[in-house]
Amino acid sequence: MSLDTVENAAKTPDVELPWAELGLKKDEYERVVEILGRRPTGAELAMYSVMWSEHCSYKSSKIHLRQFGEKAPQSDALLVGIGENAGVVDVGQGYAVTFKVESHNHPSYVEPYQGAATGVGGIVRDIIAMGARPVAVVDPLRFGAADHPDTKRVLPGVVAGIGGYGNCLGLPNIGGEVVFDACYQGNPLVNAGAIGVMRHEDIHLAKASGPGNKVIMYGARTGGDGIGGASILASETFDDAKPSKRPAVQVGDPFQEKLLIECTLEAFAEKLVVGIQDLGAAGISCATSELASNGSGGMRVELDDVPLRDSTLSPEEILMSESQERMCAVVEPEKVARFLEICEKWDVIATVIGEVTDGDRLEIFWHGEKIVDVDPRTVAHEGPTYERPYARPAWQDALQADDANKLPRPSTSDELKQQVLALVSSPNQASKKWITSQYDHFVQGNTVLAQPEDSGMIRIDEESGLGVAIATDGNGRYAKLDPYHGAQLALAEAYRNVATTGAKPLAISDCLNFGSPEDPDVMWQFVEAIRGLADACQILGTPVTGGNVSLYNQTGEAAIHPTPVVAVLGVIDDVARRTPVAFSEEGQLLYLLGDTREEFGGSAWSQVVHDHLGGLPPQVDLERERLLADILISASRDGMVDAAHDLSDGGLIQAVVESAMLGDKGARLIVPDGLDAFTFLFSESAGRAVVAVPRSEELRFTDMCGARGLPATRIGVVDGDAVDVQGEFALSLEELREVHEATIPALLA
Amino acid sequence: MARVVVDVMLKPEILDPQGQAVQRALPRLGFEGISDVRQGKRFELEVDGPVDDAVLARIHELADTFLANTVIENFTVKVEEPAVGAEK
């Protein structure tokens with residue numbers, strides 16, 4: 001096809017364009033024609049198709065995501081909210097922290113190493129676009145059954161990709177999760193989160209204001225990789241994916257990204273930048289249209305000036321390319337020379353590709369001809385929105401009626417012991433050391449806590465000891481049983497994990513992984529989960545700062561479990577006051593905080609012992625979560641506890657076994673009055689933690705719990721070299737460690 | 001005995017950071033006039049017995065599943081008879 005200019009498009013209204021192949025629906029294409037008052041050019045069609053894809057436009061989710069804004073709790077900590085590259089939170093002492101979690105699911109299934117690596121690269125660029133220096137990454141991962149052959153293909157690649165990219169950037173990996181479930185077989189979830197730190201005055205927003213300002217592209221050259229990735233790969237199920245002319249996979253270069261970080265932060269420090277945007281999904285289409293529509297509105301771009309890796313690329317391909325490690329900055333004309341100088345110093349290619357105009361059109365030229373002439377808002381922000389039909393699935397009642405509390409329970413002490421061994425050695429409860437030891441946790445020297453602690457913690461000020469903690473959680477099994485409460489439980493668990501380490505939770509980011517929104521069942525799960533999260537954030541006082549939505553995680557009819565992954569960020573005044581998971585000294589008294597009920601729906605026990613999923617997830621009591629968090633934070637600050645571990649999947653026994661093994665100290669446990677041993681060990685009631693209290697602090701600690709109305713039950717003592725449940729069974733740490741640590745290497749190494 | 005060579009290259013549109021690093025180093029070392037470098041892998045397979053179509057098909061299969069990551073790489077297979085005198 002010869003060059004399709006705007007002029008040409010106006011003269012040839014009847015030319016057929018491949019809108020369907022680019023992922024647009026008929027009515028969406030008609031809407032484009034209506035907006036433009038003519039047929040789009042090929043380049044315009046490319047832009048609209050990627051920007052109006054589910055991945056970029058949030059067309060199915062937008063109307064529901066509004067709740068995060070409407071229900072946002074009053075928070076003094078929130079400096080920048082949803083809508084920017086990443087949210088920014090005030091952590092005190094003049095510091096601000098930006099953090100975000102995103103998905104890179106489909107690319108990581110196709111090409112595990114590069115998919116996961118570029119996922120890290122993308123989230124890190126979001127952080128630097130806010131003007132912050134990245135300090136840590138976290139990776140919540142979900143894979144298919146641990147013993148499935150395809151998991152052995154996907155998992156090692158993903159883990160190596162995350163480790164490789166992060167290590168090259170010199171960023172510690174401090175948290176995340178690894179969960180196995182057959183529902184993720186064809187759709188592994190590779191979510192990536194990053195944290196960045198800056199001073200308050202250094203926050204930068206993505207906008208292009210001031211006519212005459214120059215638009216500069218810098219970083220890697222644009223190549224043919226990832227074309228159509230945004231609109232096809234990330235938005236449709238694999239069954240529907242059309243074969244594309246070029247592969248939709250991108251290969252990253254972490255060393256280039258490291259240069260981008262340094263170069264961008266230096267330009268920020270010299271106040272050379274008016275607006276900035278990283279290039280991720282939808283590449284130049286996204287960056288130019290978003291920058292322009294967030295600013296005063298007009299922009300003129302000479303596409304010929306974009307540095308290319310492959311000179312045969314068509315203008316449409318240049319607009320859609322998802323080549324990695326690229327950024328776009330808006331710079332005042334008199335500062336351009338200095339900006340380019342900094343780029344040159346860091347060996348980063350930088351080129352002026354256009355300028356901000358005083359009009360309200362985004363105009364793009366190729367070989368002197370105008371090939372795009374659009375209102376950038378219609379591309380970036382006024383895409384279609386759908387009110388997809390949703391309805392409570394017909395099977396939901398039956399699923400909830402299939403009560404896990406009625407499953408046969410162990411009848412003898414020996415059976416109980418065997419089930420404990422089965423639990424702690426099951427893939428989801430087993431040690432993930434084989435995976436997490438492939439990441440660098442301590443590079444940069446500021447890591448205070450990392451896996452397998454309840455949350456990752458980073459020191460951000462060396463003198464005062466100010467630090468931040470982050471935890472990610474999301475139990476898809478709970479959410480399948482009840483998406484509203486399941487999402488709240490994901491938030492509650494991450495919130496609890498942050499508080500357990502002694503940090504005060506401030507804000508959250510979420511990565512919502514679901515099946516196809518065109519299925520009313522899935523859409524219902526999605527709507528319920530958002531409603532649950534928004535309601536819970538109100539009560540916990542933690543606003544949502546951003547995140548992303550990943551839909552179409554399904555193959556054929558089978559969708560993944562609804563999996564809202566929630567990252568909670570907290571602050572701690574002095575990291576020396578942190579509370580670790582490990583039992584450290586014999587004689588420490590073990591207290592169970594919170595109420596234990598017979599709650600086994602969606603539990604690890606029901607999965608491991610009975611391969612069962614049914615009933616209701618544990619009750620949610622957010623006021624209780626708040627109280628528990630307050631107690632844990634106070635206890636940490638005042639030195640009343642030596643160790644603490646939140647109780648979640650696997651219940652009390654899982655938590656005690658982990659703390660005992662980490663500290664290499666055993667525990668004697670006494671089943672408290674009113675509870676049977678089985679419920680005591682395996683229940684997954686929420687709002688609970690186990691703490692190790694030094695004898696000297698016992699009275700002060702129990703008085704505090706009593707005064708504030710938090711149930712605190714003494715359940716034993718740190719002692720010996722076994723986990724000994726009195727009157728039931730004892731398991732030596734050696735035996736526990738052997739089964740706990742052998743599972744993952746045996747399956748995957 | 002024959003030698004079959006499998007050359008594996010990143011697909012042309014895929015970024016090649018190693019090749020770029022080499023390309024950037026060339027002018028520094030005084031080698032001008034090279035505008036692009038792409039780096040690949042070469043496998044030399046010594047095959048027992050004659051190389052017939054069945055053997056070649058099998059080598060294609062092993063290259064496709066093991067030697068190359070065909071999501072991001074292309075490969076070529078060619079037969080190279082050992083040079084006269086190569087066997088001592």
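Lettering of chains follows the sequences in order, A, B, ..., and the numbering in each one begins at 1.
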Checklist line | Taking every non-hydrogen atom, the tightest pair across B:Pro17 and A:Gly252 | finding: CG-O, 4.0 Å

Note to self: Let me confirm one number: the CD-CD distance from B:Glu73 to A:Glu111, rounded to the nearest 0.5 Å.
What the structure shows: 8.5 Å

For residues 46-56 of chain B, tabulate all N or O donor-acceptor pairs below 3.5 Å that involve a side-chain atom, not counting sequence neighbours.
residue	atom	partner	partner atom	Å
B:Glu46	OE2	B:Arg3	NE	2.8
B:Glu46	OE2	B:Arg3	NH2	3.0
B:Asp52	OD1	B:Ala54	N	3.3
B:Asp52	OD1	B:Val55	N	2.9

Notebook entry, point to check: Hey, what do you get for CD (A:Gln114) to CG (B:Asn69), rounding to the nearest 0.5 Å?
Noted result: 8.5 Å

Item checked: Taking every non-hydrogen atom, the tightest pair across B:Ile14 and A:Arg309 -> C-NH2, 3.3 Å

Note to self: Is it the case that atom CG in B:Leu29 sees more than 12 heavy atoms from other parts of the structure closer than 6.0 Å?
What the structure shows: yes

Next item on the list: For B:Gln18, look at atom CD and say whether over 12 heavy atoms of other residues, nucleotides or ligands are found less than 6.0 Å away.
Entry: no

Notebook entry, point to check: So with a 6.0 Å cut-off around CZ of B:Arg58, is the heavy-atom count from everything else above 12?
Noted result: no

Next item on the list: Drop me the distance from B:Asp16's CG to A:Asp253's CG, to the nearest 0.5 angstrom.
Entry: 9.5 Å

Margin query: Using the salt bridge (Lys or Arg N to Asp or Glu O under 4.0 Å) criterion, which residues pair with A:Glu266? Sequence neighbours excluded.
Written below: A:Arg338, A:Lys345

Check: Hey, which of A:Glu325, A:Gln324, A:Gln250 is the one that makes side chain to side chain contact (heavy atoms under 4.5 Å, CB included) with B:Leu15?
Finding: A:Glu325

Next item on the list: Select one option (side chain, backbone, both, neither) describing which atoms of B:Gln20 are under 4.5 Å from chain A's heavy atoms.
Entry: side chain

